[in-house]
Amino acid sequence: MNRETDINTPIGIENDKPWDENKLAGIKNFITGENAKRTDVQRMETKLLAIRLKMQDYLENERVMLKEMHTIDNFLNLHLKALNLSYKKFAKAIGTTDSNLKKYVTISGNRKFNVKLAMKFGHFFNNGPHLWMRVQVKNEMIVYAKKESEFKKYDYRKLLKEESKQKVRKSLPAKSFA
Amino acid sequence: MKVKIVKVSINELVSATIRKGRQNELPSMHQGWNFSFDKHIRTLANATAYILTADETPDEAEGCMIFQIRDKLVPYMAFVEIAPHNRADPKKYDHVAGCLIAYASRLSLDLGKNEYEGWLSFQVSEEKPEDQIKLMAVYSKKYGALRYDEHTMFIGPDQAAVLIKQYL
């Protein structure tokens, strides 16, 4: 795991002075200079990592409502923007067309994003199929959350209670029902 | 967020959580910490405090960190400290600071905009200049931090990715 033992000395400065314009300009120059030393691949990988973390945060957030839902299409567009890739090129690269792909990834599309597509997305963007499939399942659950009351009738306790009542009825002498 | 820290007495990884800390549960100097996080969080702009707790003792902070977007631009780790019992010999838990620094790096990737994306700044201060230089060298070695000036250091986006992989 290559982790390091903690340093006991804390980080931070009490009563730190505000950073003046000179310091902020210096910091900006420093970061610009350091960024310039990085390769295009490194910069791209940072952008992809930031998107992956966004997806993970989305999955961990248990309070997402329907209107805040991020579709597969939303996350796909973030990836394409980071890689400076068109929808059409991406669709072709995974063996389909952009119009067909939209049927699977947009809310208005009439087909469901599936494991095969998750495998393609996960391998193409190098972030694994599970991440994409979990977004799909989360979004389906968000949609179904509105209809949750319809499913409350499905409860094993109700079934057991009913069976227990029937057993009691059967065990009673027949004349009791006369 | 769920993380793993080392319980030193058994030398095994145990589950822990990093979460936003409410003001009334933030550590202070009265409890033996070097910084009063409860006081600082009231005065810093655009700042959020996070505490790390072991799942076996969820009400006790093992470490605390204040993250800030400084001057509306620069991701900044204003304070990080581990609990006094994690500084003692033997300490109770290890890798607490590592997890909090990795978490701050993660926040800098999420909240840093444009060229600041993934660049986490922080400041260290020792009384003697030679100790200051030594301490900065330790942060460079352990966490890949770059020195900017006599107090300020940066952890860049490539090193953030490494820390996230190692600690989160």
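Naming convention: chains lettered A, B, ... in sequence-line order (proteins, then strands); numbering from 1 in each chain.
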Just checking [X]: does its [atom1] atom have more than 12 heavy atoms from other residues, nucleotides or ligands closer to it than 6.0 angstrom?
X	atom1	value
Lys92(B)	NZ	yes
Glu148(A)	CD	no
Asn61(A)	CG	yes
His130(A)	NE2	no
Arg134(A)	CZ	no
Tyr156(A)	OH	no
Tyr144(A)	OH	no
Asn110(A)	CG	yes

Any Glu34(A) side-chain heavy atom under 4.5 Å of Trp119(B) side chain: yes
Need one label for [X]: side chain, backbone, both or neither, based on atoms under 4.5 Å from any heavy atom in chain A.
X	value
Phe154(B)	side chain
Ile164(B)	side chain
Leu73(B)	neither
Asp149(B)	side chain

Which residue pairs pass the salt bridge (Lys or Arg N to Asp or Glu O under 4.0 Å) test with at least one member in residues 46-55 of chain B, sequence neighbours excluded? Lys2(B)-Asp55(B)
Of all of Lys54(A), Glu60(A), Glu45(A), Lys28(A), which one pairs up most often with chain B through heavy atoms under 4.5 Å apart? Lys28(A)
Ile31(A), Thr32(A), Thr46(A): which one forms the most heavy-atom pairs within less than 4.5 Å of chain B?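 If we count pairs closer than 4.5 Å to chain B, Ile31(A) comes out on top.
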Co-membership, hydrophobic cluster, residues [X] and [Y], 4.5 Å side-chain:
X	Y	value
Ile69(B)	Val74(B)	no
Leu131(A)	Tyr58(A)	yes
Phe125(A)	Ile94(A)	yes
Tyr103(B)	Met153(B)	yes
Met65(B)	Ile5(B)	yes

Counting heavy-atom pairs under 4.5 Å with chain A, which one of [options] comes out on top?
options	answer
Arg87(B), Lys141(B), Glu81(B)	Arg87(B)
Gln123(B), Glu117(B), His40(B)	Gln123(B)
Asp158(B), Asn34(B), Ile82(B), Val124(B)	Asp158(B)
His151(B), Arg70(B), Met77(B)	Arg70(B)
Tyr93(B), Tyr139(B), Tyr76(B)	Tyr139(B)
Ala97(B), Gly112(B), Ser121(B), Ala161(B)	Ala97(B)

Chain B neighbours within residues 6-23 of chain A, where any heavy atom lies under 4.5 Å away: Asp6(A), Ile7(A), Asn8(A), Thr9(A), Pro10(A), Ile11(A), Gly12(A), Ile13(A), Glu14(A), Asp16(A), Lys17(A), Pro18(A), Trp19(A), Lys23(A)
Listed by residue number, which members of residues 75-83 of chain A have a heavy atom under 4.5 Å from any heavy atom of chain B?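 Listed by number, there are no contacting residues, so the answer is none.
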What's the spacing between Arg52(A) CZ and Leu109(B) CG if we round to 0.5 Å? 10.0 Å
Donor-acceptor pair, Asp71(B) side chain versus Leu24(A) backbone, under 3.5 Å? no
Gln56(A) vs Leu168(B), test: side chain to side chain contact (heavy atoms under 4.5 Å, CB included). Steps then yes/no. CA-CA 12 Å; Gln56(A) 285 173 350; Leu168(B) 302 181; over 6 Å; no
Looking only at heavy atoms, which two atoms of His95(B) and Glu4(A) are closest? And how far apart?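 Heavy atoms only, the tightest pair is CD2-O, 3.3 Å.
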Looking at Phe30(A) and Leu146(B), what are the two nearest heavy atoms and their distance?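 In this case the closest contact between Phe30(A) and Leu146(B) is CZ-CB, 4.1 Å.
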Residues two or more places apart in sequence or in another chain: which of them pass salt bridge (Lys or Arg N to Asp or Glu O under 4.0 Å) with Asp40(A)?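 Per chain and number, Asp40(A) pairs via salt bridge (Lys or Arg N to Asp or Glu O under 4.0 Å) with Arg43(A).
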Salt bridge flag under 4.0 Å for residues Arg106(B) and Asp57(A): yes
